[in-house]
Number of protein chains: 2
Amino acid sequence: MQSDEPEDEVGAAGTSVDASRGQRRNGAATIYDVAERAGVAPSTVSRALSKPGRISAATEAKIRAAAEELNFRFNPMARALHTGRTQTIALVLADITNPVVFGIIRGAEKAASAEGYTLIIAESQESGDVEAAAVSRILPSVDGLVLATSRLASDRIRDIAVEKPVVLINRAVDDVAAILPNVSQGVTALLDHLDELGHRSLAYLSGPQVSWMSERRWENLLEGAESRGMGLVEIGPNVPTIEGGRAALRRVLAARVTAAVAFNDLIAIGLMKAAAESDVDVPNRLSVTGFDDIFGSELVVPALTTVRSELELAGQRAVEHLLAGLAGRTPEATDALSAELVIRMSTAAPAEPAVVG
Amino acid sequence: MQSDEPEDEVGAAGTSVDASRGQRRNGAATIYDVAERAGVAPSTVSRALSKPGRISAATEAKIRAAAEELNFRFNPMARALHTGRTQTIALVLADITNPVVFGIIRGAEKAASAEGYTLIIAESQESGDVEAAAVSRILPSVDGLVLATSRLASDRIRDIAVEKPVVLINRAVDDVAAILPNVSQGVTALLDHLDELGHRSLAYLSGPQVSWMSERRWENLLEGAESRGMGLVEIGPNVPTIEGGRAALRRVLAARVTAAVAFNDLIAIGLMKAAAESDVDVPNRLSVTGFDDIFGSELVVPALTTVRSELELAGQRAVEHLLAGLAGRTPEATDALSAELVIRMSTAAPAEPAVVG
DNA sequence: TTGTATGCGTTATCAA
DNA sequence: TTGATAACGCATACAA
């Protein structure tokens, strides 16, 4: 094991001058090193490099040259210690392996790095306790948080929002900023589609009990079904995974509905898998739909009809909103993200006329 | 906006004493606040909370109580400034939306948080320049890095490894630690399978030119094909996405092979999609295989035969290795991760006897 | 065992 | 415009 290898580092860094001063033990140059090399005071270096333009062009050039030669970079910790800003934000997710989060991560990462912020990712593994622990651990080192699909109680979220700025995704809590999809738009399009196809009786396969979004989708579904005179039954809660969807098939069949609306694509896919194994014909015997349009939804056979969420945009908006607030700008109003129905092969007209209850 | 709210905080902190000191402007309690409340010196607080046991039980209890009441937490930046350690590591990835990385992220996140480390995620978007910029930006604030599927030149990686400890995943560079799958094991199993089925002519759909892993797979494939007397042709480079696989169909058909071995599952899936659209029967007319066994590979129809990589374990091992080195422990030797062949529905005996070239 | 003093690298305040 | 200097919150060498 080679824990230290001083000769290498010095050899690579300094150009064979005396090794006594210059770089610190850490190997990284500081503003003192730059100041010495440029023949100015450390505070001048700080100014020149932090807020360019507020200094004489000549000295600034000298300082820049010296910084360049020493490969100087600001120490973020020292900076943060004084300013209280870490230039870091946290994204906390329920389940990293759920394809739903890919888009969110990518959008958030882009928006963050665009403004020079670093993104920290924490996973709650669908557990409120784990999430609380993770948040508590990273809270001191971030300037703000994006809570996506949080499993935390509303009160706890409010507590966090008091300490640091928070933006929610797919969750609403009083007085906390949130990026939300237009649920009613998506559900309306979905019900219209099913209605036109001739479906008269639906089942909703709900998600976890603590999922705010599952509840919202149910409410909208219920209202829409009522106004259209369609039958609707809730089956759940279901674990929001393929396995969870698989396990629900029996109850769906027993409910004698012609279409199943799943809380998310994972559940929908699981349901279709189980149906295929039981020789239940999707979509002719049973239509199946999901939400999110994750990777895999168009791969599965039959390809899944689903309500697409603009996940990447959600991640991006959330971070932008957070950063705007951090910068003292007034964040734009967060209008709902559009939810578009993607019609594929898992929905069709029911084989027989609607069952009369 | 209420930046300060002294009455609340002091009310909770000091017992109505003078309001001049107490909580800092930031709102967060410091060891000074705890020290004052417990009636001891700040350094004692630091000791009591940093290394429990090395202090009298009575004072420690007092200090813990005070810390609890003030909801004290160490300021990681202040700590890092002194120790040079941030308790943070970076995971840099080529493409966050590639399902391959889910496992890596999860494994890395678990291993990191298990030791109280925070994980930072950076994405290179398949670009060496973006990756270099990202690395350079986060380098000062992390204790070490895990480079997964790096698009960086070997020299650049060595440069980074001089500044901070680095562990690679799916990439080998001299003198840099790496977690690698057992490529030859996977390829051997794959070729055995194809050989038994009766395939005599294969195509390898390679990945990006800069992909070290694509090159390794090709080398093993070539060697194995030679020793088995099988024909093998390389088709590529291909963009490692579904689209990339789609685009390769024509050349695969033109090559008149009976089986296509794709660099990864995404390419394999794309190839199958294109095949389906062109009425090419997979697996009877063309067998297709992938690498990785990502989410979606068993969803697609026909379900994909592929060489599974232990991605989660790779992420975990990489972080553990890094952390062991950071802690001064000697990291365990990094033996190759096993690569298991998962036989599903995309491979079958060729419809006709092998084409004679 | 506990307290005092100092430094970590930066920014900001105040002089010059 | 530039320089000296005092925080920022914590860890540690040293003293008590």
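Throughout, protein chains are lettered first and strands after them, A, B, ... in sequence-line order, and every chain is numbered starting at 1.
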Using OP1 and OP2 only, check whether a side-chain N or O of A:K51 sits under 4.0 Å from C:dA12.
yes
Closest listed nucleotide, where the reference is the side chain of B:N75 and the choices are C:dT2, C:dT10, D:dG9
D:dG9
Main-chain N/O of A:A28 paired to A:R73 side chain as donor or acceptor, under 3.5 Å:
no
Starting from P on D:dG9, measure out to NE2 on B:H82 and report it in whole angstrom.
16 Å
Heavy atoms of A:A111 and A:L323 approach each other most closely as O-CD2, 4.0 Å
Rounded to the nearest 0.5 Å, what separation is found between the CG atom of A:D129 and the CG atom of A:L152?
9.0 Å
Rounded to whole Å, CZ of B:R54 lies from C1' of C:dT1 at a distance of 10 Å
So what does B:V45 hit on the nucleic acid, given a heavy-atom distance under 4.0 Å: a base, only sugar-phosphate, or nothing?
nothing
What integer distance in Å separates B:L49:CG from C:dT2:P?
13 Å
Under-4.0 Å side-chain N/O to phosphate OP1/OP2 contact, B:S43 with D:dA11:
no
Under-3.5 Å donor-acceptor pair between A:S46 side chain and C:dT11 base:
no
Between B:R64 and B:A48, what is the shortest heavy-atom contact and its length?
NH2-O, 3.6 Å
Classify the nucleic acid contact of A:S56 as base, sugar-phosphate or nothing, counting any heavy atom under 4.0 Å across all strands shown.
sugar-phosphate
Using a 4.0 Å heavy-atom cut-off, does B:R47 contact any base of the nucleic acid, only the sugar-phosphate backbone, or nothing at all?
base
Atom-pair distance (CZ on A:R85; P on D:dC8), nearest Å:
18 Å
Atom CD of A:Q87 and atom C1' of C:dG9: how far apart are they, to the nearest Å?
16 Å
Closest to the 5' end of DNA chain D, once B:F74 and A:A57 are matched to their nearest nucleotides, is A:A57
Give the rounded distance in Å between these two atoms: CZ of B:R79 and C1' of D:dC8.
16 Å
Report yes if a side-chain nitrogen or oxygen of A:T59 is closer than 4.0 Å to either non-bridging phosphate oxygen (OP1 or OP2) of D:dT2; otherwise report no.
yes
Could you state the atom-to-atom distance from CG of B:L81 to P of D:dT12 in whole Å?
13 Å
OP1 or OP2 of C:dT11 under 4.0 Å from side-chain N/O of A:S50
yes
Hey, does the side chain of B:R37 reach the backbone of B:A66 with a donor-acceptor pair shorter than 3.5 angstrom?
no
Spell out yes or no: do the side chain of B:Y32 and the base of D:dC10 have one donor N/O and one acceptor N/O closer than 3.5 Å?
yes
Please classify the nucleic acid contact of A:I55 as base, sugar-phosphate, or nothing, using heavy-atom distances under 4.0 Å.
sugar-phosphate
Can you tell me the distance, in whole Å, between the CD1 atom of B:I31 and the C1' atom of D:dA11?
8 Å
